[in-house]
Amino acid sequence: MLFRYYFFKEGTRNYEVADLIKYFSQNSYFTIEDKNENEKIARYFNPVLNFSADFVIANKSIVPGIERLNPKFIDVNLRVEFQLLSPDYDANLIINICEDITKMFNFYVYNEVFEDVSPFKRLMMLKAFQVVKRAYAKKYPLEMSKYYHLERESLNKAYDYLQQVEILKDLLKEEEIKVPAITYYAVEGKRRVYTCVEISRFEPFVFPAFVDIVHVDDGKLDMFISTEEFSNKTSKYFHPIESSLTNLFYVGIKDMKKVNKILTKATFSKLILELTQVNFKKVLDV
């Protein structure tokens, strides 16, 4: 199911379409294509998050219930649409773009949840998305059973980290410090997801301390450790990384022998859960 925001202007539908196309074209996340003779699409795609959205420039209106809206606002036949079953984090990326273009062209925005056409209001736009998504989740529990659940704050932190992986790799490449991916694990039959970072005893690594568990797997040693227990035994070897993310550290090459010794000699509590790795696109915050 698609979720949509629609764009309006006060008193006119005229605006410089060429300037809007130029704005999209200057963003590396966008490609421009003609869907048909009636619609042009600026397709947003974030390859890190595997998330897409279409800004559709059309020849006619598809706004539902447009006759009940304040007539001083005119539909400019521009909308953005993306999958409803997306995390709030993804929706916020689109709301950021909506903010840009409403400022550039004096647009107003609308969604069916709104009482009427409105100036750009971030919280209201996000709330509308959340309301529709939650209602959909409640109405279709069988479909939701195909997805896993992670609290919004935890998912946002994981997505922020994913967005910064390449920056961190470049920042730490001289020290040859590995920037591990965050992976997601669930218990069979349960929707709850645990965030995890995968490390080796032999490679210096970045450590996002906001994950739930640490997975040590290097061919000889294979074990899951709670982040709290792992940090309690190794945190004196953590070095903070200056970043917009909190609780982000690295363990350098000079400390790996000591960390390796702890991992091989210390006693860690065994996780009683039977964990299965799941695809991050199957993880939602609802």
For this session: Keeping the roles fixed (side chain from Thr102, backbone from Glu99), state whether a donor-acceptor pair exists under 3.5 Å.
Result: yes
Exercise. Less than 4.0 Å between a side-chain N and a carboxylate O, is that true for Arg79 and Glu39?
Worked result: yes
Exercise. For the hydrophobic clusters of this structure (ILVMFWY residues joined by side-chain heavy atoms under 4.5 Å, transitively), does one cluster hold both Val259 and Phe249?
Worked result: yes
Exercise. Phe73 ring centre to Lys9 NZ or CZ under 6.0 Å, with the angle to the axis within 45°?
Worked result: no
For this session: Could you tell me whether a side-chain N or O of Tyr5 sits under 3.5 Å from a main-chain N or O of Glu81, the two making a donor and an acceptor?
Result: no
Problem set entry | Nearest atoms (heavy-atom pairs only) where Asp75 meets Phe8 | N-CD2, 3.3 Å
Exercise. Would you call Arg68 and Asp116 a salt bridge, using N to O less than 4.0 angstrom?
Worked result: no
Exercise. Between Glu143 and Tyr136, do the side chains contain an N or O donor and an N or O acceptor separated by less than 3.5 Å?
Worked result: yes
Problem set entry | Backbone N/O of Leu150 and side chain of Ser154: donor-acceptor pair under 3.5 Å | no
For this session: For Glu188 and Thr276, test the side chains for any donor-to-acceptor distance below 3.5 angstrom and give the result as yes or no.
Result: no
For this session: Report yes if the distance between the aromatic ring centroids of Phe55 and Phe30 is under 6.0 Å, otherwise no.
Result: yes
Exercise. Does Asn260 reach the main-chain N or O of Phe202 with its side chain, forming a donor-acceptor pair under 3.5 Å?
Worked result: no
For this session: Answer yes if the side chains of Asp160 and Tyr89 hold a donor-acceptor pair under 3.5 Å, and no otherwise.
Result: yes
For this session: May I ask you to check if Lys282 and Tyr148 form a cation-pi contact, with NZ or CZ under 6.0 angstrom from the six-membered ring centre and within 45° of the axis?
Result: no
Exercise. Residues in salt bridge (charged side-chain N to carboxylate O under 4.0 Å, His left out) with Glu10, at least two apart?
Worked result: Lys72
Problem set entry | Main-chain N/O of Val48 paired with Asn46 side-chain donor or acceptor, under 3.5 Å | yes
For this session: Verify whether one side chain among Asp100 and Tyr23 offers a donor that lies under 3.5 Å from an acceptor in the other.
Result: yes
Exercise. Looking only at side chains, do Glu198 and Thr183 share a donor and an acceptor under 3.5 Å apart?
Worked result: yes
Exercise. If you measure from the Lys or Arg side-chain nitrogens to the Asp or Glu carboxylate oxygens, is any gap between Glu33 and Arg43 under 4.0 Å?
Worked result: yes
For this session: Would you check if the side chain of Thr227 reaches a backbone N or O of Val211 as a donor-acceptor pair within less than 3.5 Å?
Result: yes
